[in-house]
There are 2 protein chains.
Amino acid sequence: MTNNKTTIADRVFDTLCTAIVEGEIAAGSKISEPELAKRLEVSRASLREAIGRLEACSLVTRKANIGARVVSLSKEKLLEIYHVREALEGMAARLAAQNITAEEITQLQQLLKRHTDEVNQADGASYFQRSGDLDFHYHIVQSSHNERLISLLCNDLYHLMRMYRYQFGRVSQRAFPALDEHSYVVSAIADGDGEMAELLMRNHIRRSRRNIEQMMATDQE
Amino acid sequence: MTNNKTTIADRVFDTLCTAIVEGEIAAGSKISEPELAKRLEVSRASLREAIGRLEACSLVTRKANIGARVVSLSKEKLLEIYHVREALEGMAARLAAQNITAEEITQLQQLLKRHTDEVNQADGASYFQRSGDLDFHYHIVQSSHNERLISLLCNDLYHLMRMYRYQFGRVSQRAFPALDEHSYVVSAIADGDGEMAELLMRNHIRRSRRNIEQMMATDQE
DNA sequence: CAACGGAATATTGTCGACATATTAAAATAA
DNA sequence: TTATTTTAATATGTCGACAATATTCCGTTG
């Protein structure tokens, strides 16, 4: 029963957020307030409010008197995010092991099973990497019951991570190993072993990062 | 040679930021836009822009059609921040060990020496805890050379940490041990031992957290 | 007297217009 | 022609006013 009142700025934020994440508004491109306001049929005030929130979750950057532009993506920035995620989600797993509820454990195990079925059925194909993986991490973070951690990972960094996945988006060949790693993390959390849960989660994310580093290196660029 | 153009919203943000951090505007209190705008002699538009940035660094919270209020402080929230810092600054120390420059090492050692002198001279008194400690952590984070980590710790969380220190602000008895812990961290970083640097930094922050937990427990509340 | 409902008040959200800074274009000088 | 300065055009920052929502106050009803 949270605050559901929706304002124009809210809708504009949602619209622009998905447009940016999905690349409809190109990464690195400048945002023209008059043009966008006209196109979306809203006032510049509402648009500017929305842009401010986009800046808060690092989807755009603003300079005084110059304006806003969509964040530009780079290998280096992506790897930086992975370092942050390794630290933050490692801690989230540790705290989840301490604070998770019985219902949440059940939900997590069901989610894991669902993902397993989907990956097996699709022979390791895209769905898992596209949204399932983020789902899993999302649930673990929620189970930490640390509001600040949740806010950082599920509000501030979440959209940016989706943006990279969407636009840099080769689907990794790690679907099966990643699934195993997920199940180990869940086991440690269910056992209440925070130390182990953190270790396993960190290793999982570190492997993802190294996998990306490798792919980026073999690609030109 | 960064963007130094200063706008009204910038000044208002700075003003409100320090006012909130120092408790001049009470924690938990509501922010009235008409009143504040009149008092600061700016338009509501500029004020709202500033409030949006305050929200981005968690100094105020906003609800649609209801308004903004200064964040309320609590023991639980403070401990949550310490968990986040343990994870993030631990990673920062690890990365600093890998990426720090020779000049930065020298500066860090000089900072450490200065703090040692000050604490010895003041017999473990307040200066160190008030700003010196944050200074030290600030420098380590900068030396990680991870822009996202720097932004999270030195922009997003920085003011909130200052606010807690300012308002919850008993000066800990840990000045001397904390100083030792700092020097160990610096040694590990200077040795390029990221694993050790992270471990030491995490232990350091965890001890601070436990110290606070204890003091909070012995205090009523 | 308490609880409920409605009018009056105040606050936030949104808008269009103006002020100021930046960028693009035109004009001049080398 | 190229470079530099001046001028025009465009974009962002700021403002005051209006609309929509929330809060307060007050009278009614049980």
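It should be emphasised that the depicted structure is a prediction, and the values quoted were computed from it without experimental measurement. All heavy atoms count here, side chains included; hydrogens, waters and symmetry mates do not. Here is how names work: the chains are called A, B, and so on, in the same order as the sequence lines, proteins then strands, and each is numbered from 1.
Between the CZ atom of B/Arg69 and the P atom of D/dT23 there is a distance of 10 Å, given to the nearest Å. In this structure, NZ of A/Lys38 is placed 12 Å from C1' of D/dT10, rounded to the nearest angstrom.
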### Task
Take A/His182 and A/His204, measure what ring-ring contact (aromatic ring centres under 6.0 Å, His included) needs, and give me the verdict at the end.
CA-CA 8 Å; A/His182 283 192; A/His204 169 58; 4.6 Å; yes
### Task
Starting from the C-alpha separation in whole Å, work towards a yes-or-no answer on side chain to side chain contact (heavy atoms under 4.5 Å, CB included) for B/Ser143 and B/Ile189.
CA-CA 10 Å; B/Ser143 298; B/Ile189 289 176; over 6 Å; no
### Message
Could you walk me through whether A/His145 and A/Glu104 satisfy the side chain to side chain donor-acceptor pair (under 3.5 Å) test, starting with their C-alpha distance in whole Å, then the side-chain angles of each, then the deciding distance to 0.1 Å, before giving a yes or no?
### Response
CA-CA 11 Å; A/His145 293 268; A/Glu104 286 172 331; 2.8 Å; yes
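Between the side chain of B/Glu33 and the backbone N or O of B/Leu47, no donor-acceptor pair lies under 3.5 Å.
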### Query
For every nucleotide of nucleotides 10-21 of chain C, 5' to 3': is a protein heavy atom under 4.0 Å from its base (B), only from its sugar-phosphate (S), or from neither (-)?
-SBBBB-B---S
Mind listing the side-chain donor-acceptor pairs of residues 50-62 of chain A below 3.5 Å, one per line with the distance, residues two or more places apart or on another chain?
from: A/Arg53; atom 1: NE; to: A/Glu49; atom 2: OE2; distance (Å): 3.2
from: A/Arg53; atom 1: NH1; to: A/Asp10; atom 2: OD1; distance (Å): 2.4
from: A/Arg53; atom 1: NH2; to: A/Asp10; atom 2: OD1; distance (Å): 3.4
from: A/Arg53; atom 1: NH2; to: A/Glu49; atom 2: OE2; distance (Å): 3.3
from: A/Ser58; atom 1: OG; to: B/Arg148; atom 2: NH1; distance (Å): 3.1

